Amino acid sequence: MKNFQYTEASQPAQAVQQIGAGRDTKFVAGGTNLVDLMKYGIEQPDTLIDISRLELAKIEKTATGIRIGALARNSDMAEHPLVTSQFPLLAEALLAGASPQLRNMATLGGNLMQRTRCNYFYDISQPCNKRQGPTAQAGCGALEGYNRIHAILGLESGDLNQSCIATNPSDMNVALAALDAVVNVSGPAGQRAIPIRDFHRLAGKKPQQDTTLAPNELITSIDLTTPQRAGKSHYLKVRDRASYAFALVSVAARLVVESGRIQDVRLALGGVAHKPWRLTSVEQQLIGKPATEASFREAARQLVAGAKGFEHNAFKIELAQSAIVRALQTVAA
Amino acid sequence: MTDNDNYMVDGAGRRWFLKQSTALAGTLLLPPLATPSSALPGTVPAASSTARPITLRVNRKTYKLTAEPRETLLDLMRNRLNLTGSKKGCDHGQCGACTVHIDGRRAYSCLTLAVMQQGRDITTIEGLGTESALHPLQAAFIEHDGFQCGFCTPGQLMAGAALLREGHTGSADEIREWMSGNICRCGAYPGIVAAIQSVKKGGTPG
Ligand SMILES: Cc1cc2nc3c(=O)[nH]c(=O)nc-3n(C[C@H](O)[C@H](O)[C@H](O)COP(=O)(O)OP(=O)(O)OC[C@H]3O[C@@H](n4cnc5c(N)ncnc54)[C@H](O)[C@@H]3O)c2cc1C
Ligand code: SF4
Ligand code: FES
Ligand code: FES
């Protein structure tokens, strides 16, 4: 690992000031992603700002729902009564991720920002637009390589070799997308609130950029609005082993059914795109329909419409649809 | 694969090697035969301005030393505190062999920097039990064949001791799920689950 300077931030404002001061400066929270990437030489910051002791770990009630501080540990989030009672989908997604040890270390902010697990991104001897940036004209190693874990949706329509077909690996982010979370951030110009759908981005012409957060901005918290009608929810994660593995495909589903008809539905997919995949138009179309396999199948078809399979991941197109139907049947039962 | 200028297996690989050898030289782990490589120009670490005094509390003992921010808790404990019970299986958060408790909660010591753990209470396998007074789970591992080669065992024990305290012992399946952050290459899993269940039944979660 390259040597670097290390400082601790004791106040959020101080952290924002410190990150603006250095050239190649990064925040470190739980360290479970950043330290790993630094070991491989993928991230090489000159300075690390330790934000792990900032008083931003609270989980509290707000007028409309709950607010979770950016430094809340994933394990604390998953077992907090406000989360398990009002947002069981989030708790379930968190517990489906990583391992107990990692969840004890990983923070909300770090999870939002975690980078892809694409093998070519992780191997600095391989060409990768995400790691090297578009001006390097490196290309994408996964395109003609082993692309089993890669995206099938939200892909650039132009030359894919100038873009990126990686997926966002987080389980939590899929649940947050389904729940319409709002990410609160603080920067030199003050605070702003970013709806989760605008927080993560599709790769497009800027494959190096996973999110719309500026490098000098600090995530301080997220807000979640308590749903009018909770209904039932489920996070279904399909992976190569039963636990401690990233998702091949995952589904975050929440459904309200009355007299056999769908009143409200939320549906987000993980493992299929550069960001959690959600189409509110598909959800709208489900409202009023009978809560039957036929309706679910039609929604699944629409949600993956236009999907593109590569050499090793074409199976995901069928798998995603089956997973959507299974998740919806589980919550409709 | 596109542009040759950027597809530098050799160049990138070599940079990586030099970086690694610098890091290794720092830990004094290189066997004597390998030392000539450190004579390569440019690989001798410069006197560092990043090293800093740190204080760590491990197994109720206080250690004061100078550390580089890049030293992981695992490396620092193994290489400099003579606490070699925590194992380096993967060094990337993927195996659990390095599991310790930080303020009573299980964590991987390979993915955290030692400088970040000042002021916290760290417990390693050396602090779990003693040879004359084993932790109940250590005794149960012996009784139920919870290990074969033993490499993963310190991590399994630290994870298992935490799991007992957390109370994730409702069923064998629950134990397996909550022990999934610890991989055993020898496949001692049935013995590990049996050992945890036996301590739970004995009602001495330690
Ligand atoms: C073996 C392994 C298996 C895993 N399996 C899963 C899995 O199945 N599912 C899953 O979802 N995840 C999984 N993870 C990933 C894990 O969830 C992430 O590593 C973790 O959430 C990152 O959080 P952290 O606090 O440790 O982040 P750090 O490593 O500290 O930081 C990550 C990034 O976020 C930035 N950052 C952190 N906090 C802030 C903030 N407040 N404001 C702005 N930027 C910030 C940092 O600068 C850094 O760039 C796995 C990880 C490992 C190592
Ligand atoms: S998929 Fe993205 S991260 Fe992976 S090699 Fe291609 S550009 Fe890099
Ligand atoms: S050595 Fe830390 S998890 Fe493998
Ligand atoms: S006992 Fe050998 S790896 Fe677990």
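This structure is a prediction, so every number in the text was calculated from the model and none was measured. Side-chain atoms are counted along with the backbone in the values below, which use heavy atoms only and exclude waters and symmetry mates.
Comparing Thr112(B), Val115(B), Leu113(B) by heavy-atom pairs within less than 4.5 Å of chain A, the highest count is held by Val115(B). If you tally non-hydrogen atom pairs under 4.5 Å between each of Ser180(B), Gly96(B), Gly93(B) and chain A, the highest count goes to Ser180(B). Most heavy-atom pairs under 4.5 Å with chain A, from the set Arg176(B), Glu166(B), Gln118(B), His168(B): that is Gln118(B). Of the listed residues Met179(B), Met116(B), Met158(B), the one with more heavy-atom pairs under 4.5 angstrom with chain A than any other is Met116(B). Taking Arg73(A), Gln101(A), Glu79(A) one by one and counting their heavy-atom pairs under 4.5 Å with chain B, the maximum is reached by Gln101(A). Of all the listed residues (Asp91(B), Thr72(B), Asn182(B)), the one sharing the greatest number of non-hydrogen pairs under 4.5 Å with chain A is Asp91(B). Chain A forms the most heavy-atom pairs under 4.5 Å with one residue out of Ala162(B), Ala159(B), Ala107(B), and that residue is Ala107(B).
Taking both residues in full, the closest heavy atoms of Cys95(B) and Tyr244(A) are given as N-OH, 3.3 Å, listed atom of the first, atom of the second, then distance. Nearest approach of Arg52(B) to Tyr6(A), heavy atoms of both residues: NH2-O, 2.8 Å.
No more than 12 heavy atoms of other residues, nucleotides or ligands sit less than 6.0 Å from atom CZ of Arg60(B). Within a 6.0 Å radius of CZ in Arg185(B), no more than 12 heavy atoms belonging to other residues, nucleotides or ligands are found. Within a 6.0 Å radius of CZ in Arg326(A), no more than 12 heavy atoms belonging to other residues, nucleotides or ligands are found. Heavy atoms of other residues, nucleotides or ligands lying less than 6.0 angstrom from CD of Glu174(B) number more than 12.
With a 4.5 angstrom heavy-atom cutoff, Ala106(A) does not touch chain B via any of its atoms. Heavy atoms closer than 4.5 Å to chain A are found in both the backbone and the side chain of Gln94(B). Contacts between Ile183(B) and chain A at a heavy-atom distance below 4.5 Å involve the side chain alone, from C-beta outward.
The contact list for residues 45-54 of chain A toward chain B, using heavy atoms and a distance under 4.5 Å, reads Leu48(A), Asp50(A), Ser52(A), Arg53(A) by residue number.
Atom CG in Asp173(B) sits 11.5 Å away from atom OG in Ser243(A) (nearest 0.5 Å). Atoms CG and CZ, from Asn104(A) and Arg106(B) in turn, are 7.0 Å apart once rounded to the nearest 0.5 Å. Rounding to the nearest 0.5 Å places CG of Leu37(A) at 10.0 Å from NE2 of His92(B).
The side-chain heavy atoms of Gln5(A) and Ser49(B), taken from C-beta on, include a pair separated by under 4.5 Å.
Of the candidates Arg70(B), Glu71(B), Glu68(B), Met1(A) forms a side chain to side chain contact (heavy atoms under 4.5 Å, CB included) with just one, namely Arg70(B).
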